[in-house]
Amino acid sequence: MNEEEEDLRPLLSKGIILNQVSSLALGVGVGDLIELEMTTSDKTIETEVVGIAELYSGTMAYTHIETLNEWNELPPASYLGEWTSEKPEPSDSIFKIESKKDMMLSLESMMGPMNYSLFIMAGLAFVIGFIIITLITNLIVDENTTTISLMKVIGYEDQTVSQWILNIYTPVVLVAYCIGVPLAMVSIDGMLKSFAAETNFALPISISPITFFIGFLIILASYYTSLWLAKRKVKKVSLQEVLKRQEA
């Protein structure tokens, strides 16, 4: 157990602890009640989920040994498994030792190539998004060429024209990002639940405030770069454009 992680062992006396895969597959969280069917006693036990362990492979649940034996109506020494934060001394009575740290390191090594793929996908998404925004802003300028020329004839400066024609969509971009990220997380969460139920494996995913802020800056940088290119096109619209359109 890492120092920064919460020690869940004191909670075992209050209910049951699930790992991330079990939590996602069952769609339950801390505070929810679950029913356990005992294969040895044909009983159904209802208990509360008191914690979620940061383990992402296999469907596992943890409770006190005494409680487990009691639920299954077995003698006290039937199940001998133990969850401990210290490595036990070698002994002939120990059948198998599973290290949470080794499991997490294995998961991180497996996630390494995927992380690179995600960075590549993020880069491609940025490029595609930038191209789309640039095309839209250029289309806006093209559709409003006559209006832009007329505003220049009246006496409005290029900066004012750009603000009226282009900057009105800035709130839309900000609101779309703030709404889109939570919606994307909900969609990914649903996909992960289905993935965990079918494969007994889960992927840890979350968005920290700093990641959200960095993504926000990237979107703004892309948006304002496309605006800057569109403003250059606004400046190139001549005063005679409105007369040309009227003659046509």
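No hydrogens, no waters, no symmetry mates; every other heavy atom, side chains included, goes into these values.
- A distance of 4.5 Å separates CD in Glu46 from CG in Leu33, rounded to the nearest 0.5 Å.
- Heavy atoms only, all atoms of each residue included: Gly15 and Thr63 are closest at O-OG1, 3.6 Å.
- In this structure, the side chains of Trp71 and Leu36 come closer than 4.5 Å at one or more pairs of heavy atoms.
- The hydrophobic clustering, which links ILVMFWY residues whose side-chain heavy atoms are closer than 4.5 Å, places Trp228 and Leu220 apart.
- Leu139 places none of its side-chain heavy atoms less than 4.5 Å from the side chain of Leu135.
- When atom types are taken as modelled, the side chain of Asn19 and the backbone of Met60 share a donor-acceptor pair closer than 3.5 angstrom.
- Separating the CG atom in Leu18 from the CG atom in Leu24 is a distance of 10.5 Å, to the nearest 0.5 Å.
- Expressed to the nearest 0.5 Å, how far CD1 of Ile136 lies from CD1 of Ile140 amounts to 7.0 Å.
- A heavy-atom distance below 4.5 Å is not found between the side chains of Ile17 and Val49.
- Rounded to the nearest 0.5 Å, atoms NZ (Lys235) and CD (Glu157) are 11.0 Å apart.
- Between the CD1 atom in Ile16 and the CD1 atom in Ile45 there is a gap of 10.5 Å [rounded to 0.5 Å].
- Looking only at distances, no side-chain donor or acceptor of Asp32 sits under 3.5 Å from a matching main-chain atom of Val28.
- Side-chain contact check for Asp142 versus Lys233: some heavy-atom pair is nearer than 4.5 Å.
- Hydrophobic clustering of Ile, Leu, Val, Met, Phe, Trp and Tyr side chains at less than 4.5 Å, counting indirect connections, unites Leu227 with Trp164.
- The backbone N or O of Ala221 sits less than 3.5 Å from a side-chain atom of Thr225, completing a donor-acceptor pair.
- Within the model, atoms OG of Ser226 and CD1 of Ile131 stand 12.0 Å from one another, a figure rounded to the nearest 0.5 Å.
- In terms of heavy-atom proximity, Gly31 sits nearest to Glu48 at CA-OE2, 3.5 Å.
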Please table the atom pairs, donor to acceptor, closer than 3.5 Å between any side-chain atom in residues 171-185 and protein atoms at least two apart or in another chain.
unit_1, atom_1, unit_2, atom_2, d
Tyr177, OH, Phe212, O, 2.8
Tyr177, OH, Phe216, N, 3.1

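- Contact of the Phe130 side chain with the Leu229 side chain is registered, since non-hydrogen atoms from C-beta on lie closer than 4.5 Å.
- Taking 4.5 Å as the limit, some side-chain heavy atom of Thr47 sits within range of a side-chain heavy atom of Ile34.
- Taking a 6.0 Å sphere around OH of Tyr224, one finds it holds 12 or fewer heavy atoms contributed by other residues, nucleotides or ligands.
- Here the side chains of Ile219 and Ser222 are not in contact, with every heavy-atom distance at 4.5 Å or above.
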